[in-house]
Colleague: 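Pasting a structure here, questions to come.
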There are 2 protein chains.
Amino acid sequence: MDSEQLIQLGQQLRVDAVRAADAAQSGHPTSSMSAADLAAVLLGRHLRYDFGRPDHPGNDRLILSKGHASPLLYAMYRAAGAIDDEELLTYRRRGSRLEGHPTPRLPWVDVATGSLGQGLPVGVGVALAGKRLDRVPYRVWVLSGDSEMAEGSVWEAVEHAAHEHLDNLTLVIDVNRLGQRGPTRHEWDLGAYSRRLHAFGWHTVEVDGHDVEAVDTAFNEARSTTGRPTAVIARTRKGRGVAAVEDKEGMHGKPLKDAGSAIEELGGPRFAHVEVGKPAAAHSSALLAARNGKLKLPGYEKGDEVATRNAYGEALAALGAARGDIVALDGEVSDSTRSQFFAKEHPDRFFECYIAEQQLVAAAVGMQTRGYVPYASTFAAFLTRAHDFVRMAAVSRAGINLVGSHAGVAIGEDGPSQMGLEDLALFRAVHGSTVLYPCDANQTAKLVAAMAEGEAQSRGVRYLRTSRGATPVIYGPDEEFPVGGSKLLRSSDDDQLTLIAAGVTVHEALRAADMLARDGVPVRVVDLYSVKPVDERAVQEAAERTGCLVTVEDHHPQGGLGDAVAEVFSDGRPVPRLVRLAVGNMPGSATEQEQLSASGIDADSIAAAVKLLAEKVIVR
Amino acid sequence: MDSEQLIQLGQQLRVDAVRAADAAQSGHPTSSMSAADLAAVLLGRHLRYDFGRPDHPGNDRLILSKGHASPLLYAMYRAAGAIDDEELLTYRRRGSRLEGHPTPRLPWVDVATGSLGQGLPVGVGVALAGKRLDRVPYRVWVLSGDSEMAEGSVWEAVEHAAHEHLDNLTLVIDVNRLGQRGPTRHEWDLGAYSRRLHAFGWHTVEVDGHDVEAVDTAFNEARSTTGRPTAVIARTRKGRGVAAVEDKEGMHGKPLKDAGSAIEELGGPRFAHVEVGKPAAAHSSALLAARNGKLKLPGYEKGDEVATRNAYGEALAALGAARGDIVALDGEVSDSTRSQFFAKEHPDRFFECYIAEQQLVAAAVGMQTRGYVPYASTFAAFLTRAHDFVRMAAVSRAGINLVGSHAGVAIGEDGPSQMGLEDLALFRAVHGSTVLYPCDANQTAKLVAAMAEGEAQSRGVRYLRTSRGATPVIYGPDEEFPVGGSKLLRSSDDDQLTLIAAGVTVHEALRAADMLARDGVPVRVVDLYSVKPVDERAVQEAAERTGCLVTVEDHHPQGGLGDAVAEVFSDGRPVPRLVRLAVGNMPGSATEQEQLSASGIDADSIAAAVKLLAEKVIVR
């Protein structure tokens with residue numbers, strides 16, 4: 001396309017953004033208009049993408065980090081012939097694929113955006129996959145706003161991209177000077193961005209974002225720069241092309257008042273079709289298909305003492321040996337999470353993300369868009385750092401495995417800053433998530449494998465919670481642990497109630513049950529290793545047989561195991577008596593057993609609580 | 001203190017770190033030893049702190065961001081005479097104030113650390129308070145590790161500190177080259193840190209962290225630099241002083257194997273006492289005491305339609321007029337959250353944190369250490385970004401008010417990325433938290449005020465959830481809404497069940513109740529605006545009277561209102577039938593009413609569910 005065609009394409013994208021927002025009577029036309037020329041040059045001259053084959057392994061990837069500018073993206077799709085004009089005007093309507101912010105309901109959208117500062121970190125994940133796994137020279141283009149450069153997650157990604165020499169990654173910053181509520185911190189000081197990015201090791205180009213040939217030159221420079229990523233820092237004007245809104249405050253996120261004359265001012269509707277450059281021939285990564293068919297999970301002897309984090313690391317290494325699509329990511333704690341076992345055996349598929357949990361999760365999200373099955377692990381407590389990325393991963397329908405070690409007060413002396421005590425609540429509340437919490441090494445190994453198998457069946461965020469200390473192996477290596485299942489560990493016809501536990505509290509519950517049995521108070525014990533989905537049938541049966549369910553969890557009382565059990569009875573059916581034993585105190589430093597005792601979730605506390613219940617409360 | 005004394009003090013701090021970890025048989029001596037000379041120079045020559053008066057308004061503040069190096073901090077306390085040697089050796093024992101990571105159980109610790117990358121953002125909050133609120137020239141010293149420089153939150157703070165010209169803030173980076181599991185990204189490349197910080201506008205000094213006079217010069221340079229913050233980037237050696245561990249991998253977080261000979265190698269125990277410099281005379285900020293006694297909350301007419309976010313903004317502005325200690329912080333969305341009303345009336349106490357939610361919450365945490373009552377607001381969805389800071393705020397016993405707007409699917413067309421659907425789960429699971437969710441403007445205003453009053457009574461994280469759209473005012477301006485209370489909105493002697501709602505669903509529940517009453521199915525309606533603590537008595541009474549509780553919430557089914565009601569019955573008492581109506585789907589774009597309908601929480605859906613229950617399930 002020549003200059004004039006690019007200029008006209010830019011105007012077309014603006015007009016379409018205005019039209020879409022006008023049809024919806026909401027949305028973000030002005031934020032679309034500032035970036036329209038950048039988008040026109042990208043679409044007309046640089047992007048290599050087969051819209052008929054969004055799964056083409058050679059396709060460039062485009063991530064609209066400023067997701068509120070979705071009308072611009074949808075206008076690009078129309079110009080490329082991917083959607084028609086009728087669909088464009090369904091923007092933001094119920095049932096339309098053209099949501100307020102882009103989601104993978106559209107086949108050309110790899111990841112949902114709309115929470116700012118996520119596009120670049122996810123783009124880093126995709127670019128890492130391109131360079132180190134796919135080994136295909138596609139380019140990852142991230143179109144970002146200027147306001148979102150304030151997000152720390154962006155700087156985690158800036159650091160990581162330079163560290164990994166991601167010259168297949170281009171960040172385009174639409175510096176339109178105006179955030180939602182007024183001027184940004186740096187307004188049009190392009191140098192402020194340039195200096196920062198340059199200091200982190202990026203190549204940078206400052207450009208007038210409305211000069212199509214200058215933008216073209218900048219994009220060429222980005223494509224030809226090797227050894228480091230490039231940022232194209234473009235000075236633009238919000239609402240560009242319509243005097244009533246151009247570079248004016250208070251025009252964020254609103255349809256234009258007089259759309260008709262705005263469209264006229266922009267030169268009227270246009271219906272140019274862009275022949276987007278096709279990607280070079282490329283093959284899917286051989287890693288994706290590599291399966292030796294022999295998954296040899298580690299097996300552990302009953303009675304041995306093994307930490308579930310160890311079993312995680314060993315099972316992950318075994319899974320990596322059986323399948324080429326398994327990758328592992330670390331937040332600089334692989335010696336603690338034990339993902340080091342994978343790192344040692346499969347260094348090419350191990351990604352050190354340093355202490356940057358948002359980048360850690362984002363990289364996993366990026367890699368799963370390319371078909372890989374990522375396991376990202378750090379301390380359970382520190383996954384809270386990436387909560388927003390987990391939430392958005394669910395909107396992205398991303399299939400990722402997250403593993404949090406050092407769960408609960410059971411970690412002992414390190415104290416509350418290192419204890420995962422809110423993680424079950426976090427992950428259970430995520431849409432479509434799976435939450436697993438094994439109590440022994442064989443169970444852990446099986447669940448680690450199940451997380452990869454589940455990938456084929458359903459997308460979603462899968463979480464595994466592991467423990468620091470060694471726990472007895474209570475299951476044989478051949479036992480199966482389906483997701484959604486549970487294990488009945490103690491039962492008799494005379495059970496007074498049911499103890500429901502998971503992880504470390506299974507062992508406390510078993511000890512309590514043995515003590516209670518000796519004292520003539522038989523109780524049932526259920527290992528509810530699948531916290532979500534929960535084994536409704538088993539819970540219901542325990543309720544029917546014993547009339548009282550006592551949950552015991554190394555987690556705050558809200559949102560965890562107790563909630564999972566209560567949720568089973570949230571459809572109007574009769575509810576058994578319910579008791580929650582959980583961490584209600586603020587822990588300090590102490591040994592593991594002191595911690596469990598202080599929180600009232602050790603065997604003695606459980607037994608004492610059960611006796612009190614048996615005496616005072618239970619009416620059978 | 002002269003050079004030799006400083007050198008000896010450094011050795012004393014090392015010895016004490018080794019002794020403490022040896023007594024505990026766990027902990028982080030090597031990470032303490034690298035920073036010991038930095039700490040010695042700080043304590044001996046620069047810190048101005050009255051350990052007998054930790055509340056002295058002129059005290060410098062010291063934040064140990066690398067909280068795992070707590071033995072160093074405790075060794076400093078011993079050297080300063082704040083604790084005795086006996087207490088030092090209680091490190092990490094049950095009941096000791098000397099926890100694995102520092103917490104405010106110690107009077108000289110303002111905020112808990114241990115989740116890395118939090119010290120600087122919190123320090124920015126304290127320094128902002130010093131400059132703009134207290135107007136006292138104390139200095140904020142943040143001692144940080146090198147690994148934690150990978151955290152995005154650090155760069156949010158770096159950006160903000162420079163933007164606010166915080167020359168009362170000094171960041172000391174202990175570049176000991178080794179992270180937990182091996183070399184850091186930049187190892188001893190001090191220039192890598194220096195270039196980055198410089199690009200953001202900081203003054204930087206690179207120094208040999210074991211040369212006490214060079215460190216002294218650097219600290220002097222930091223103290224005399226005006227207009228911008230200074231980073232002292234110190235090259236150090238992990239485990240310095242003990243050959244067996246010095247600069248060796250695999251020595252992180254472990255007591256020294258042969259502590260006796262290590263102590264000998266360090267020159268043996270010393271018991272020097274340091275006369276720490278006293279702070280200059282200073283007065284507490286007049287703002288803290290400023291109360292005109294006339295809180296004139298806005299009042300709204302019954303029947304008017306007002307968004308609760310508007311009432312939040314107006315009530316906050318009124319509160320700010322009545323009390324000088326109220327401050328407001330924004331994540332660049334003040335026009336949406338309506339904190340702009342406060343900004344307009346009290347610009348001196350309004351802090352724009354841009355789109356950096358970790359810094360937003362951290363600044364609030366920092367300011368409350370100085371006695372202020374901060375209200376930090378952004379979209380509920382984006383507070384997930386700061387989950388780890390909220391979690392740590394609870395460990396810090398911080399009294400902060402967080403306000404999340406745009407809750408739930410009721411926001412309409414913007415789609416899931418902007419919807420707070422996990423926030424109740426997040427905040428309920430935080431230890432000691434308060435969670436409020438008002439449904440009308442008068443209720444909102446009263447609760448906004450209550451959040452400040454509660455400050456006096458109890459520390460903790462308080463969360464208020466507001467809505468985007470206008471809702472009818474259903475309470476008079478004189479109605480009271482105690483924290484922990486609820487409102488019974490509909491009741492009769494024949495109620496078939498109870499609808500329990502909060503926020504937007506209160507209005508849907510009321511409409512459903514009216515429809516059902518017309519159809520001969522009377523139901524009770526409870527407005528459970530205090531989600532935590534929950535009004536157990538009212539919930540229990542509704543259970544006794546009606547036998548079935550139906551919760552209706554604009555939130556995912558896990559961890560929110562349904563869980564709060566179920567938790568009431570988690571002590572073994574008889575449980576009523578429970579039904580949860582919540583957002584189980586993944587929303588797209590649609591109008592508010594379409595969203596509520598699609599999620600099954602609008603009046604029609606509620607009425608339909610109740611009829612089904614009344615026919616099929618309820619046995620009275």
Side-chain angles (χ1 to χ4, degrees), chain A residues 26 92 94 99-101 114-116 147-148 150-153 155-156 163 179-181 185 195-196 199 332-335 354-356 358 384-385 387-388 391 395 413-417 422 425 428-429 431 556 558-559 562-563 566 569-570 572 575 577-580 586 588-590 594 613 617, chain B residues 26 92 94 99-101 114-116 147-148 150-153 155-156 163 179-181 185 195-196 199 332-335 354-356 358 384-385 387-388 391 395 413-417 422 425 428-429 431 556 558-559 562-563 566 569-570 572 575 577-580 586 588-590 594 613 617:
Chain A
S26 76
R92 284 175 165 250
R94 182 176 180 182
E99 298 189 38
H101 298 75
S115 179
L116 292 170
S147 271
E148 63 182 299
E151 283 286 8
S153 57
W155 297 97
E156 292 182 9
H163 179 77
Q180 167 173 331
R181 65 102 210 58
R185 206 183 240 132
R195 283 192 301 278
R196 286 159 175 73
E332 226 255 77
V333 285
S334 57
D335 52 337
Y354 297 93
I355 306 184
Q358 297 183 85
T384 57
R385 206 64 165 251
H387 189 162
D388 198 32
R391 182 181 76 84
V395 182
E413 289 84 354
D414 268 332
S417 66
E422 303 86 357
R428 283 186 64 252
H431 181 79
H556 284 322
Q558 299 82 18
D563 184 25
F569 303 95
S570 65
V575 188
R577 291 177 190 254
L578 299 170
V579 178
R580 287 188 195 189
M586 172 60 74
S589 283
E594 287 170 345
L613 279 166
V617 179
Chain B
S26 76
R92 284 178 166 246
R94 182 177 182 183
E99 297 189 38
H101 298 76
S115 179
L116 293 170
S147 271
E148 63 182 299
E151 283 286 8
S153 57
W155 298 96
E156 292 182 9
H163 179 78
Q180 168 173 332
R181 64 102 213 57
R185 207 183 240 132
R195 283 191 301 278
R196 286 159 175 73
E332 226 255 74
V333 286
S334 56
D335 52 337
Y354 297 92
I355 307 184
Q358 296 183 86
T384 56
R385 205 66 164 251
H387 189 161
D388 197 32
R391 182 180 77 84
V395 182
E413 289 84 354
D414 269 332
S417 66
E422 302 87 357
R428 283 186 64 252
H431 181 78
H556 284 322
Q558 298 82 18
D563 184 25
F569 304 96
S570 65
V575 188
R577 289 176 191 255
L578 298 170
V579 179
R580 286 187 196 191
M586 172 58 75
S589 283
E594 287 170 346
L613 280 167
V617 179

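This is a predicted model, so every value here is computed, not measured. Protein chains get the first letters and strands the later ones, always in sequence-line order, with residue 1 at the start of each.
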Colleague: To the closest 0.5 Å, what do you measure between OG (A:S589) and CZ (B:R92)?
Modeller: 6.0 Å
Colleague: So does B:A590 get a backbone contact from the side chain of A:R94, meaning a donor-acceptor N/O pair under 3.5 Å?
Modeller: no
Colleague: Can you name the side chain to side chain contact (heavy atoms under 4.5 Å, CB included) partners of B:S417, sequence neighbours left out?
Modeller: A:H101, A:M392
Colleague: Using the test side chain to side chain contact (heavy atoms under 4.5 Å, CB included), find all partners of B:E332 that sit at least two apart in sequence or belong to another chain.
Modeller: A:S147, A:Q180, A:R181, B:E352, B:Y354, B:I355
Colleague: Which region of B:S115, side chain (C-beta onward) or backbone (N, CA, C, O), has a non-hydrogen atom less than 4.5 Å from a non-hydrogen atom of chain A, or is it both or neither?
Modeller: both
Colleague: Heavy atoms only, distances under 4.5 angstrom: which of A:H556, A:R580, A:E422 has the most pairs with chain B? Name it, please.
Modeller: A:R580
Colleague: Go through the atoms of B:H163 and report whether side chain, backbone, both or neither lie under 4.5 Å from a heavy atom of chain A.
Modeller: side chain
Colleague: Relative to chain B, which of A:E151, A:Q358, A:R195, A:M586 shows the most heavy atom pairs under 4.5 Å?
Modeller: A:E151
Colleague: Looking only at heavy atoms and a cut-off of under 4.5 Å, which of A:R185, A:R428, A:E148, A:R391 has the most pairs with chain B?
Modeller: A:R185
Colleague: For chain A, which of B:V579, B:V395, B:L116, B:D414 has the most heavy-atom pairs under 4.5 Å?
Modeller: B:D414
Colleague: Specify which of A:G100, A:P416, A:S570, A:G559 makes the most heavy-atom pairs with chain B at under 4.5 Å.
Modeller: A:S570
Colleague: Identify which part of A:H387 has an atom lying under 4.5 Å from any heavy atom of chain B, answering side chain, backbone, both or neither.
Modeller: both
Colleague: Quick check: closest heavy atoms across A:S26 and B:E413, and the distance to 0.1 Å?
Modeller: OG-CB, 4.0 Å
